[in-house]
Enquirer: 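Structure in structure tokens, see below.
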Amino acid sequence: MRKILNVAWKDLVTTFRDPTALIIMLAAPYALTLVMAFAFGGLSGGGGGLSGIPVFVVNHDGGEFGGYLQQTFQSPDLADLLDVTVTADEAAARAAVDANKAAAAVVIPADLSESIVPSGLASGDPSALANRPQAVVEVYANPDRPISAGIVRGIVDQFLSRVSAGAAGGQVAVSQLIASGLLAPQEALTKGMEIGERAARQATETRLIAVKGETAAEDPQGGFDWLTYMAPSMAILFLMFTVSNGGKTLLAERDWGTLPRLLATPTTAFQVLGGKVCGIYLTGLAQMGILLVASRLMLGVKYGPLSAVVPVTLALVAAATGWALVLAAYARTAGQANQMGTILSLAFGGLAGNFFPRQALPQWIRTASLITPNAWGLDAFNKLTAGGTLGDVLVPIAGLLALAVVLFIAASVIFRRQYA
Amino acid sequence: MTAIVRVQNLSKRYMPENVLAVDDVSFEIQQGEIFSLLGPNGAGKTTTISMLSCLLAPTAGDAFVAGHSVIREPMAVKRAIGVVPQEIALYNVLSARENLVFWGRMYGMGGRELSRRVDEVLQQVGLADRAKSRVGTFSGGMKRRLNIAVGLLHKPQIVYMDEPTVGIDPQSRRNILDMVKELNREGMTVLYTTHYMEEAQELSHRVGIMDHGKLIALGTQKELTRLVGEHETLRLHLAEDQAAEPLAEALRGVPGVVRVSTADHEIVLIVPEAEDALPPVITKANELGVKVRSVDIQEPTLEAVFLHLTGRALRD
Ligand SMILES: Nc1ncnc2c1ncn2[C@@H]1O[C@H](COP(=O)(O)OP(=O)(O)OP(=O)(O)O)[C@@H](O)[C@H]1O
Ligand SMILES: [Mg+2]
């Protein structure tokens with residue numbers, strides 16, 4: 001075991017001293033994360049961190065719902081994340097955004113409540129439903145702070161979709177109850193919401209209110225957060241480069257003459273191979289660790305609880321190492337392994353959606369991509385960045401481990417055929 | 001004297017190329033001696049050493065190192081031997097010291113003992129002041145010396161050195177030869193391979209001459225040169241612009257000339273009596289208009305032995 005670790009440690013040190021390897025392992029994925037997030041998501045620095053995001057809330061609505069939305073922003077849950085200024089002066093709020101003093105201004109229109117529960121309803125006028133206005137809650141976003149503005153928009157979005165889903169289902173029922181005299185008009189609102197919440201689960205899909213986004217650079221993907229997607233995605237893409245480079249060193253050591261020398265020491269071939277495998281694994285793990293921590297600290301990407309991130313990463317690197325071994329076993333020379341490694345890494349990246357949101361790929365590609373650690377890894381990280389916990393990523397973890405087992409077996413079969 | 005290595009009818013046939021690289025070779029190496037395998041490129045020296053290091057399985061025969069069979073007890077054999085491969089086998093991005101520590105651990109060493117031995121061998125090969133430098137920054141000669149140091153770390157009972165002076169400058173080569181002699185004086189048994197006749201001559205107590213996978217002669221230098229008989233070596237150095245072959249061809253017909261070979265602008269003759277042979281040889285050269293720059297007369301060398309046995313020069 002000491003000899004295995006000796007070999008593994010040597011490989012780890014060797015890789016981290018190689019400037020080219022460092023660029024591919026760390027600098028390239030980090031830079032590409034920023035470039036891709038900028039190109040697609042309009043990130044341009046000055047994110048302002050992910051706490052105390054300055055937001056102006058302008059509430060023109062005299063009704064209940066404007067107040068609810070305003071309270072949502074002022075809730076203790078969001079107190080750390082947001083720094084909310086409530087004002088009646090819409091122009092001042094917009095000016096603050098323009099002056100980069102705020103990430104966004106949320107403008108609640110006067111007819112918001114009316115658009116959800118028309119006042120006519122309370123006085124028993126059924127036509128009120130049909131004639132209710134279309135309300136637009138505007139998020140006036142600061143283009144220099146796409147991440148922060150995205151968060152604000154996300155909060156508004158979440159609030160509205162909950163309310164509108166509930167309202168849409170509830171309105172029909174409520175108006176009938178009022179008409180039949182079973183429900184006092186003044187109770188309509190609360191009752192309606194109550195019924196609506198239940199009805200929402202049965203998928204009622206009339207979006208009554210729209211969030212109007214106003215950013216300089218229009219985001220074609222809607223609320224898609226490119227940075228959060230790209231940070232783990234690029235880490236995974238370049239993990240494949242790193243491990244296949246590690247697999248290549250298995251052949252390179254033969255060229256360097258160090259492999260025969262290793263085998264001339266009182267060490268079994270199993271120990272030497274084990275050391276190499278551990279070396280690849282540890283190097284991959286170190287790379288993922290550094291990239292995840294860096295994107296967490298410097299870009300503010302949130303990966304969720306460690307209790308989920310750690311097992312996902314361990315399983316991901318195991319599956320990637322499996323591919324590296326198959327590659328090393330199959331290739332005849334280090335040069336060949338290098339080429340195959342590059343092709344494989346890029347092909348896996350394309351197949352799994354490392355360059356492009358995985359959700360947007362056709363189903364058959366998504367299915368085919370399940371042979372890649374990239375796909376499972378991306379799925380897992382997407383779930384985690386969306387707020388998932390260990391329970392949500394058990395399937396990808398199992399997929400990665402199964403992949404690792406199959407690949408390790410395949411590699412040892414090919415090794416045997418090649419070298420026995 | 002006890003034999004530390006016993007090689008018994010060892011053969012190696014490379015498949016699928018079907019190359020018989022080592023052909024029924026037998027010899028013994030005694031404790032405390034420098035034993036050289038001398039032979040031209042492709043003679044089978046490295047293949048022999050690889051089998052004695054348990055890196056290659058013999059096709060036939062067996063060998064015993066420190067009493068252990070290379071086939072049945074490879075681990076015991078590997079513990080007994082130090083290996084200095086023909087190709088430099090070091091990690092360039094690690095320092096000299098880190099390399100030694102790494103390889104020492106592969107021999108199961110560790111802790112203070114390892115660190116003390118690392119210092120010792122660094123001293124021994126004259127690299128103590130470069131211990132912290134990366135091997136990638138070393139000259140060819142320094143790498144060669146470190147390559148040797150790795151083979152000495154665990155105080156093996158015998159060290160195999162496979163052409164340790166290939167591709168380095170004369171001074172580094174001198175250095176290494178002196179080092180080998182010093183090591184041997186301290187009691188180290190050495191198996192040394194080379195295609196340089198001078199090295200084998202300077203270093204070895206006994207020499208095995210290999211050609212085409214066969215051990216064609218074996219013994220002390222005295223014993224080997226006696227094979228050539230009382231003959232002497234006559235070496236003709238020609239001018240740069242002179243072709244050696246036509247003259248060599250003509251000299252083959254001269255009475256008393258036993259063997260003729262050519263190398264670059266040199267013709268090597270084996271003759272019973274150099275002084276008697278010289279006049280007719282010079283006459284022949286004049287007839288053909290070949291300019292002879294200088295002539296050496298030598299006592300029989302290992303090269304002469306090789307020439308005598310194979311009809312070819314060691315360096316072609
Ligand atoms: N792996 C191999 N597969 C096939 N043939 C080989 C292999 N290794 C060596 N040979 C052949 O076996 C013969 C002996 O080679 P070997 O390397 O043992 O010679 P050597 O005496 O060490 O030569 P050199 O002085 O060039 O190192 C040569 O003909 C060589 O081409
Ligand atoms: Mg050789």
Side-chain angles (χ1 to χ4, degrees), chain A residues 1-25 242 245-246 248-276 278-279 282-283 286 332-334 416-420, chain B residues 46-47 49-57 65-66 68 70 73-95 98-111 114 134-136 143 146-148 150-151 153-154 156 159-160 162-163 166:
Chain A
M1 196 61 206
R2 273 179 51 204
K3 290 182 181 179
I4 294 180
L5 291 180
N6 189 35
V7 173
W9 179 249
K10 181 265 301 171
D11 276 357
L12 186 69
V13 171
T14 308
T15 313
F16 273 84
R17 281 199 191 159
D18 175 2
T20 321
L22 282 185
I23 289 173
I24 292 182
M25 282 171 67
T242 301
N245 188 53
K248 184 199 77 180
T249 66
L250 207 64
L251 295 143
E253 292 229 26
R254 201 177 54 191
D255 301 341
W256 301 335
T258 44
L259 187 62
R261 187 169 218 164
L262 280 168
L263 294 172
T265 65
T267 309
T268 61
F270 178 82
Q271 286 173 310
V272 173
L273 203 62
K276 295 298 292 180
C278 282
L282 287 181
T283 309
R332 303 261 161 182
T333 64
R416 243 167 239 162
R417 209 175 283 168
Q418 289 248 38
Y419 295 100
Chain B
T46 299
T47 303
I49 283 205
S50 296
M51 288 190 284
L52 296 183
S53 320
C54 314
L55 289 177
L56 278 179
V65 180
H68 305 288
V70 295
E73 305 159 274
M75 282 298 152
V77 170
K78 289 176 186 182
R79 268 190 286 273
I81 62 174
V83 178
V84 179
Q86 180 169 355
E87 306 298 336
I88 292 166
L90 301 167
Y91 297 104
N92 278 334
V93 297
L94 300 183
S95 71
E98 288 168 331
N99 263 285
L100 288 167
V101 167
F102 171 78
W103 291 107
R105 289 194 178 136
M106 296 316 287
Y107 281 96
M109 305 169 76
L114 176 58
R134 291 196 188 179
V135 170
K143 286 184 187 172
L146 187 62
N147 201 35
I148 293 173
V150 171
L153 260 181
H154 68 293
V159 61
Y160 302 164
D162 195 1
E163 307 205 28
V166 166

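Chain letters run A, B, ... following the sequence lines, proteins first, then strands; residues in each count from 1. Fair warning: this is a prediction, and the values are worked out from it, not measured in the lab.
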Enquirer: With a 4.5 angstrom heavy-atom cut-off, which part of A/Q271 approaches chain B: side chain, backbone, both or neither?
Expert: neither

Enquirer: In terms of side-chain geometry, is the basic nitrogen of A/K248 or A/E253 positioned less than 4.0 Å from the acidic oxygen of its partner?
Expert: no

Enquirer: Could you tell me whether the side chain of B/M109 reaches within less than 4.5 Å of the side chain of B/H154, counting heavy atoms only?
Expert: yes

Enquirer: Please state whether the side chain, the backbone, both or neither of B/Q86 comes within less than 4.5 Å of a heavy atom of chain A.
Expert: neither

Enquirer: Shorter than 4.5 Å, heavy atoms on both sides: which option in A/L263, A/T14, A/L262 has the most such pairs with chain B?
Expert: A/L262

Enquirer: Might you point out which heavy atoms bring B/Y160 and B/V65 nearest each other, and give the distance in Å?
Expert: OH-CG2, 3.5 Å

Enquirer: Where does B/N147 contact chain A at under 4.5 Å (heavy atoms): side chain, backbone, both or neither?
Expert: both

Enquirer: In terms of heavy-atom proximity below 4.5 Å to chain A, should B/V77 be classed as side chain, backbone, both, or neither?
Expert: neither

Enquirer: Which bit of B/L90 comes within less than 4.5 Å of chain A, counting heavy atoms only: side chain, backbone, both or neither?
Expert: both

Enquirer: What heavy-atom pair brings B/R134 and B/N92 nearest, and what distance separates the two atoms?
Expert: CB-O, 3.7 Å

Enquirer: Between A/L259 and chain B, which part of the residue has a heavy atom less than 4.5 Å away: side chain, backbone, both or neither?
Expert: neither

Enquirer: Mind listing the closest non-hydrogen atom pair of A/G279 and A/A8 along with its distance?
Expert: N-CB, 3.5 Å

Enquirer: Closest heavy-atom contact between B/P156 and B/I81?
Expert: CB-C, 3.5 Å

Enquirer: Where does A/R17 contact chain B at under 4.5 Å (heavy atoms): side chain, backbone, both or neither?
Expert: both

Enquirer: Just give me the residue among B/P85, B/S53, B/C54 that pairs up with chain A most often, heavy atom to heavy atom, under 4.5 Å.
Expert: B/P85

Enquirer: Below 4.5 Å from any heavy atom of chain A, which atoms of B/L94 appear? Answer side chain, backbone, both or neither.
Expert: both

Enquirer: Identify the heavy atoms of A/L12 and A/A286 that sit nearest to each other, and give their distance.
Expert: CD1-CB, 4.3 Å

